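Here is the structure we will look at.
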Amino acid sequence: MTYSTKTPQYLLLLLGLFAFGGGAFGQDGTSQALTPGSVLEQAPATTPAANADNDVATALDSEAPPVDGVVAEGAGDPALGKDIWKTVGCGQCHAANMKDNLTGPALGGVQARWAGEPRDHLYRWVQNSQKLIGSGESARAIAVWNEWKPTQMSAYVNLSDGDVEHLLAFIQGVYTGTYGQPAGIGPGADVAQVEEADNTWLFIILGVSLLLLSLILARITSNLQYMVASTEGGAPARRTLVQVLTSRGVIAFAVFALVVLFGYTTVNHAIDLGRQQDYQPGQPIKFSHETHSGVHEIECQYCHDGARRSKHSVIPAVNTCMNCHRAISYGSKYGTAEITKIFASIGWDPLENAYIANYDQMTNEQIKDVYSKWIANKNLTEGVEADDIEGVVEEQLEGIEVALTNEYTGDERIAGPIEWTRIHNLPDHAYFNHAQHVTVGQLKCQNCHGPVQEMEVVYQYSPLSMGWCINCHRETEVQFDDNDYYKSYERYHEELKAGVRDGVTVEDVGGLNCQRCHY
């Protein structure tokens, strides 16, 4: 019979499909990469990966209490050094294994690289690098400065020579493997980010395999039905491929597959809603975080002061901008073009150095008249050719109107708040409190928002996914010692004293409970 001769071929094909499919899905395409922090040497994030000899400035928290005042060279306590590492957030820019270059270079071997100079130079480098460079006493310090200027290391005069020795002992211990596990994850440290591999081709192979399997099974079923009918003495007719594909079973399977595909696509898009990584929209005013936070070193919480005391970090009001721009009226990059938008929003007359009375009642044309005079006078003062002034004024007035009005919302007035474009947007069912992380957890803004001080235009740095948050809670240690809030965790305190555990993570104190974020 036809069926009996073809059956082995079908079986061999089935076995081959299952073997191929199983092999394809036995792979794991997930990888992880830590995003680091800073301590003794720090390389700019925009530079190529530095080699181990690129000692650049680091940041030890100037408020960290000294651990010890006098410690002999090489006699530091790595346990105390670990506490300093965690407390000041050294893991922000440096790899916890002391061997890999991340935002900052690998710290392993830093003592050897400074061995050609007095030990005091290494202490002074950590405590006040610019003073050491300026003294001209350290060739090593000058070489590092020439390599990485204008990046500077902040001065941390509160750290004693002993503190630095303890920290160096911890770095060396982790680097050589003679002391514990690296403690790069702590307050101020960044968290592991998961790189999701693209497995699209695997799903295509699976889909094609299942389709072929369905066709084979349908053909087998047709042959079996033909055999049964022939055995019973009937005159059966073989079904064509078209009849098989249009049968109720195949149609039902196709509908089911479409429902699954639609559901999968809908859920994935819903999860990504409002939190697209690398999203970088333009803003009505070309505000440069690189200039304000990087060059001028304005603290993030000076403008986003809600981050330390409330759920929201808040977008600063124009009054906050005016604290500086009452005195700074000409930008280093855009001149009057962008700063005048701030003035026009709030009604500040830079020619009179005063707020305009009844500004909210003025028409757009009256407002333009005020600022056309200011733009012309200021640009003439700054050396713009007189023949070019009229064009500059027209261009900047048009820019003011475009930035401060919105045809989509019906806002036709220049006077009023600046409508910034939102970048970070968690779904409503996810609860996040800035104060809880910034004030209590002592995390740096860069942990979630990346190196904002290097961004000309801000973008969404982190994925802000549920998995990303959970991974942070699993790895980040809390400030457990000397914290009255955690006194009730007696077992953890006993285990810390006994040396059973090195620290307590957010996960240990309930940080992965569903109701913490979804209540």
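Reckoned from all heavy atoms, side chains included, excluding hydrogens, waters and symmetry mates. Predicted, not measured: the structure shown is a model, and the values here were computed from it.
Across all non-hydrogen atoms, the minimal contact from Asn406 to Glu419 is ND2-OE1, 3.0 Å. The two atoms that bring His437 and Phe432 nearest to each other are CE1-CE1, 3.3 Å, heavy atoms only. The shortest non-hydrogen separation linking Ala141 to Leu132 is CB-CD2, 3.8 Å. Shortest non-hydrogen contact noted between Gly511 and His473 is O-ND1, 2.7 Å. For the pair Cys321 and Ile342, the tightest heavy-atom approach, listed with the atom from each and the gap, is CB-CG2, 4.0 Å. Between Val478 and Val506, the shortest heavy-atom distance links the atoms CG1-CG2, 3.7 Å.
Atom CD of Glu390 has 12 or fewer heavy atoms from other residues, nucleotides or ligands within 6.0 Å. Counting non-hydrogen atoms of neighbouring residues, nucleotides and ligands closer than 6.0 angstrom, the CD atom of Glu395 reaches no more than 12 such neighbours. Other residues, nucleotides and ligands contribute over 12 non-hydrogen atoms within 6.0 Å of the CD atom of Glu382.
With contacts defined as side-chain heavy-atom distances shorter than 4.5 Å, the pair Asp349/Tyr355 does not qualify. The shortest side-chain heavy-atom distance between His304 and His449 does not fall under the 4.5 Å cut-off. Between Met98 and Phe170, some side-chain heavy-atom pair lies under the 4.5 Å cut-off. Glu117 has its side chain out of reach of Leu122: every pair of non-hydrogen atoms, C-beta onward, lies at least 4.5 Å apart.
Residues satisfying the salt bridge (charged side-chain N to carboxylate O under 4.0 Å, His left out) criterion with Asp388, sequence neighbours excluded, are absent altogether. For Phe287, the ring-ring contact (aromatic ring centres under 6.0 Å, His included) partners two or more places apart in sequence, or in a different chain, are His289, His292.
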*Begin with the C-alpha distance, continue with both residues' side-chain angles, and end with the deciding distance and a verdict on side chain to side chain contact (heavy atoms under 4.5 Å, CB included) for Ser329 and Phe343.*
CA-CA 9 Å; Ser329 58; Phe343 297 157; 4.1 Å; yes
_Verdict with supporting geometry, Ile418 and Leu404, side chain to side chain contact (heavy atoms under 4.5 Å, CB included)_ = CA-CA 6 Å; Ile418 300 169; Leu404 301 181; 4.0 Å; yes
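Annotation: salt bridge (Lys or Arg N to Asp or Glu O under 4.0 Å) contacts involving residues 119-136, sequence neighbours excluded, comprise Arg119-Glu165, Asp120-Arg124, Arg124-Glu137.
Thr340 and Gln396 share no side-chain donor-acceptor pair at under 3.5 Å. Neither side chain, Tyr489 nor Asp508, offers a donor N or O lying under 3.5 Å from an acceptor on the other.
Not one N or O on the side chain of Tyr461 forms a donor-acceptor pair closer than 3.5 Å with the backbone of Asn447.
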